[in-house]
Amino acid sequence: MTRPIALVDCNNFYASCERVFQPTLRGKPVVVLSNNDGCVIARSNEAKELGIEMGAPWHLNREKFSGAGVIVKSSNYTLYGDMSARVMKTLLSFSPVLEIYSIDEAFLGLEGFEDRLEDHARTLRATVLQWTGIPVSVGIAPTKTLAKVANRLAKKDSASCGVRVLMAAADQERALAQLELSDLWGVARRLSGRLKAQGVVTPLALRNADPQQIRQTLGVVGERLVRELRGESCIEIEEIAPNRKSLIASRSFGRPVETLIEMQEAVATYASRAAEKMRRQNLATANLIVFVETNPFRTQDRQYRASQSAQLPIATADTGRLVAAALGALVAIWREGYRYKKAGVMLLDLAPANALQGSLFAAPDSPASQARMRALDVINRRYGRGALIIGAAGVKSAWRLRREHVSKSYTTSWSELLTV
DNA sequence: TCTGGGGTCCTAGGACCC
DNA sequence: TCTGGGGTCCTAGGACCC
């Protein structure tokens with residue numbers, strides 16, 4: 001009754017993309033660098049073998065690897081996004097049940113292929129390579145967490161030729177015995193530390209632990225992890241991507257920013273870029289955060305980091321309003337005398353820009369509708385007349401409108417509330 | 001003047017992912 | 001001088017509501 005789940009992961013994705021368009025890079029060590037050519041974000045196998053670490057700051061490594069013939073590329077996200085779309089489209093021809101998990105990973109539901117999982121995966125692998133030029137690895141198991149494990153082994157173990165199936169309990173146990181706790185999906189430094197402190201030292205021990213007991217110390221996340229390791233699927237494949245809830249536009253500065261005017265330029269740019277992103281997805285918001293920080297790697301400098309949120313009276317995607325709100329928030333956290341390294345604008349509580357129309361027809365007992373009715377009730381009691389609340393940001397902002405605006409600011413100006 | 005319970009919201013921070 | 005840029009989920013405590 002267990003349905004097989006495949007995790008398809010592109011090998012060294014950004015480096016592989018560069019190779020597709022520049023075949024002379026094949027067989028050579030290639031690294032792709034982050035913005036400002038700051039640090040390593042992708043490495044070909046050859047580069048990994050040279051000992052180049054993920055995230056390594058390039059200015060500390062340039063010397064070291066210049067003699068090794070390493071080819072360095074600046075990142076090109078437009079290209080990677082395009083290649084990703086081609087890979088995902090190809091995957092769709094191998095199963096209609098597809099969840100795009102990240103730019104280079106996807107989960108596939110393989111129900112119906114139980115009797116030929118390995119063959120199916122090998123054909124998939126060959127086809128993706130032929131159609132897109134991107135090599136992928138495939139891990140198959142009854143849960144997403146185990147599919148991640150299978151995928152890791154498919155990559156690591158050259159004998160498996162890029163495909164690993166872990167449907168049988170005995171195979172799963174053998175696989176878990178080969179890994180470290182921090183190799184597991186969802187376990188990083190902190191969690192593995194806490195587990196080890198509890199005497200759970202290996203992935204296999206975690207699989208054999210009591211879920212209830214793990215829940216005591218690690219909460220629901222821990223319990224889910226144990227169950228997933230046992231083959232009990234707790235994390236479903238999400239074929240329809242839920243609406244984005246927030247988005248960020250931020251950058252590190254190439255050199256320290258020390259004046260307000262420069263910081264204002266940067267924040268205005270980020271706010272405007274964030275607004276563009278939002279409009280492209282037909283979203284709107286009434287809630288944003290501006291943040292600034294100094295360079296934490298320069299321990300000799302005085303450190304400062306701060307963030308400030310700002311609320312707009314109604315949800316909007318208008319660049320002018322968002323820039324104005326962001327600059328207002330910046331003033332509240334700006335401190336003279338620091339060498340700023342990074343700043344950004346986050347947009348929160350994103351909701352479809354046409355939510356107002358939707359809300360009129362929302363089910364009467366939906367939470368959003370109830371919140372709106374309560375807000376309406378307050379207005380009716382207070383002012384003896386009805387008004388339509390702009391609920392574009394859903395329940396939360398309906399509450400906010402009620403608390404912060406309806407009862408305080410909007411004593412007469414209904415037309416403003418009604419503006420879309 | 002004293003006494004309760006159940007539920008949601010808000011916010012900040014932690015932890016993790018790619 | 002030089003160390004990325006995005007995201008999500010969970011928790012905990014206080015505020016607030018009925």
Side-chain angles (χ1 to χ4, degrees), chain A residues 7 9-10 12-14 31-42 53-63 74-75 77 80-81 84 100-106 144-145 148 151 182 184-195 215 217-225 235 238 241-256 270 273-274 277 287 289 291 293-301 305-309 311 339 341-350 367-368 370-371 374-375 377-378 394-404 407:
Chain A
L7 174 65
D9 191 325
C10 301
N12 315 326
F13 184 54
Y14 297 168
V31 300
V32 178
L33 300 183
S34 65
N35 249 31
N36 289 331
D37 289 347
C39 64
V40 175
I41 55 171
E53 297 288 330
M54 187 69 165
W58 194 241
H59 72 273
L60 298 178
N61 284 273
R62 193 181 297 124
E63 294 284 298
S74 296
S75 42
Y77 295 102
Y80 309 148
S84 174
I100 298 174
Y101 177 66
S102 73
I103 193 164
D104 69 337
E105 282 176 62
K144 281 184 168 180
T145 306
K148 277 271 189 182
N151 190 285
S182 56
L184 297 174
W185 190 37
V187 181
R189 207 167 43 100
R190 305 282 179 152
L191 222 51
S192 69
R194 282 162 71 184
L195 282 167
R215 186 180 184 131
T217 50
L218 299 188
V220 295
V221 178
E223 182 183 351
R224 196 163 56 205
L225 178 61
I235 310 172
E238 290 181 40
N243 279 334
R244 181 184 306 289
K245 293 173 181 171
S246 67
L247 65 81
I248 297 179
S250 75
R251 281 287 179 278
S252 294
F253 305 128
R255 55 177 175 77
Y270 302 152
R273 280 203 4 236
K277 278 194 202 178
N287 193 359
I289 290 178
F291 64 89
E293 53 190 68
T294 50
N295 188 343
F297 295 103
R298 284 184 63 92
T299 47
Q300 68 272 37
D301 285 357
R305 52 191 302 176
S307 64
Q308 175 68 46
S309 68
Q311 274 79 43
R339 297 156 61 85
K341 175 62 181 168
K342 185 176 178 179
V345 173
M346 281 180 79
L347 304 181
L348 308 173
D349 293 337
L350 301 182
Q370 283 175 9
R374 280 197 294 271
D377 198 33
V378 168
V395 183
K396 272 193 187 173
S397 83
W399 277 92
R400 253 184 222 122
L401 280 170
R402 172 182 175 183
R403 282 194 184 162
E404 295 169 17
S407 59

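In the text below, chain A, chain B and the rest are named by the order of the sequence lines, each starting its count at 1.
A:Ala249 comes within 4.0 angstrom of the backbone, heavy atoms only, and of no base. Here A:Leu184 lies in heavy-atom contact (under 4.0 Å) with sugar-phosphate atoms only. Among the atoms of the strands shown, none is found under 4.0 Å from any heavy atom of A:Asp37. A:Arg62 comes within 4.0 angstrom of no nucleic acid atom, judged by non-hydrogen atoms across all strands. Within 4.0 Å of A:Leu247, counting heavy atoms only, lie sugar-phosphate atoms of the nucleic acid but no base atom. Note on A:Tyr77: nothing from the nucleic acid sits closer than 4.0 angstrom, heavy atoms only. Using a 4.0 Å heavy-atom criterion, one finds that A:Leu191 contacts the sugar-phosphate atoms exclusively. Contact annotation for A:Asn36: no contact, since no heavy-atom pair falls under 4.0 Å across all strands. Across all strands, A:Gly55 comes closer than 4.0 Å to no nucleic acid atom at all (heavy-atom distances).
The phosphate of C:dT8 (OP1 or OP2) has a side-chain N or O of A:Ser246 nearer than 4.0 angstrom. Distances shown here put every side-chain N or O of A:Arg298 at or beyond 4.0 Å from the OP1 or OP2 atom of C:dT1. The shortest distance between the side-chain N/O atoms of A:Ser252 and the OP1/OP2 oxygens of C:dG4 is below 4.0 Å. Regarding contacts with the backbone of C:dC10, a side-chain N or O of A:Arg224 is found under 4.0 angstrom from either OP1 or OP2. Here A:Ser102 does not reach the OP1 or OP2 of C:dG7: none of its side-chain N or O atoms lies under 4.0 Å away. For B:dA15, the OP1/OP2 oxygens have a side-chain nitrogen or oxygen of A:Arg190 closer than 4.0 Å.
Counting only heavy atoms from C-beta on, A:Val220 has its side chain closest to C:dC10 among C:dG4, C:dG7, C:dC10. Among the nucleotides C:dC10, C:dG4, C:dC2, the one closest to the side chain of A:Asn35 is C:dG4. Checking C:dG7, C:dC10, B:dC18 against every side-chain atom of A:Glu105, the shortest atom distance belongs to B:dC18. In this structure, of C:dG6, B:dC18, C:dG4, it is B:dC18 that holds the atom nearest to the side chain of A:Trp185. Of all nucleotides listed (C:dG6, C:dG7, B:dC16), C:dG6 comes nearest to the side chain of A:Arg273. Counting only heavy atoms from C-beta on, A:Lys148 has its side chain closest to B:dC18 among B:dC18, B:dC16, C:dG5. Nearest nucleotide to the A:Pro256 side chain, out of C:dG6, C:dT1, C:dG5: C:dT1. Residue A:Ser34 has its side chain nearest to C:dG4 when only C:dG4, B:dC17, C:dC2 are considered.
The same atom, C1', is picked in B:dG4 and in C:dC16; the two are 16 Å apart, to the nearest Å.
The OH atom of A:Tyr270 sits 9 Å away from the P atom of C:dG6 (whole-angstrom rounding). We find that CD of A:Glu293 is positioned 13 Å from P of C:dG6, with the value rounded to whole Å. Put simply, CZ on A:Phe297 is 12 Å from C1' on C:dC2, counting in whole angstrom units. As a whole-Å value, the separation of A:Ile248 CD1 from C:dG5 C1' is 8 Å. Rounded to a whole Å, the NZ atom of A:Lys245 is 11 Å from the C1' atom of C:dG7. The nearest whole Å value for the distance from the CD1 atom in A:Ile100 to the P atom in C:dG6 is 20 Å. At whole-Å resolution of the value, CZ in A:Arg194 and P in B:dA15 are 7 Å apart. Computed from coordinates, the A:Asp349 CG to C:dT8 P distance equals 12 Å when rounded to whole Å.
Of all non-hydrogen atoms in A:Ile248 and A:Lys277, the two that sit nearest each other are O-NZ, 2.8 Å. The shortest heavy-atom contact between A:Ala56 and A:Asn61 is CB-ND2, 3.6 Å. Across every non-hydrogen atom of A:Thr217 and A:Arg194, the tightest pair is O-NH2, 2.9 Å.
Remark: DNA chain C takes part in the stems B:5-18 with C:5-18, each of 3 or more antiparallel Watson-Crick or G-U pairs, criterion distances under 3.5 Å.
Under a 3.5 Å cut-off, the side chain of A:Ser34 and the backbone N or O of A:Ile41 do not form any donor-acceptor pair. Although no hydrogens or angles enter the test, the distance criterion places a donor-acceptor pair under 3.5 Å between the side chain of A:Asn36 and the main chain of A:Ser252.
Of the two residues near DNA chain C, A:Gly38 and A:Gly219, the one whose nearest nucleotide lies more 5' is A:Gly38. Between A:Arg244 and A:Gly254, the one whose closest nucleotide on DNA chain C sits nearer the 5' end is A:Gly254.
Not a single ring pair (Phe, Tyr, Trp, His ring centres under 6.0 Å) links A:Tyr270 to another residue, sequence neighbours left out. Every residue meeting the salt bridge (charged side-chain N to carboxylate O under 4.0 Å, His left out) condition with A:Lys144, not counting sequence neighbours, appears here in chain and number order: A:Glu99. Checked against ring pair (Phe, Tyr, Trp, His ring centres under 6.0 Å), A:Tyr77 has the following partners two or more places apart in sequence or in another chain: A:Tyr14, A:Tyr80. Residues satisfying the ring pair (Phe, Tyr, Trp, His ring centres under 6.0 Å) test with A:Trp58, not counting sequence neighbours, are none. Under the salt bridge (charged side-chain N to carboxylate O under 4.0 Å, His left out) criterion, A:Glu223 pairs with A:Arg215, A:Arg227, not counting sequence neighbours.
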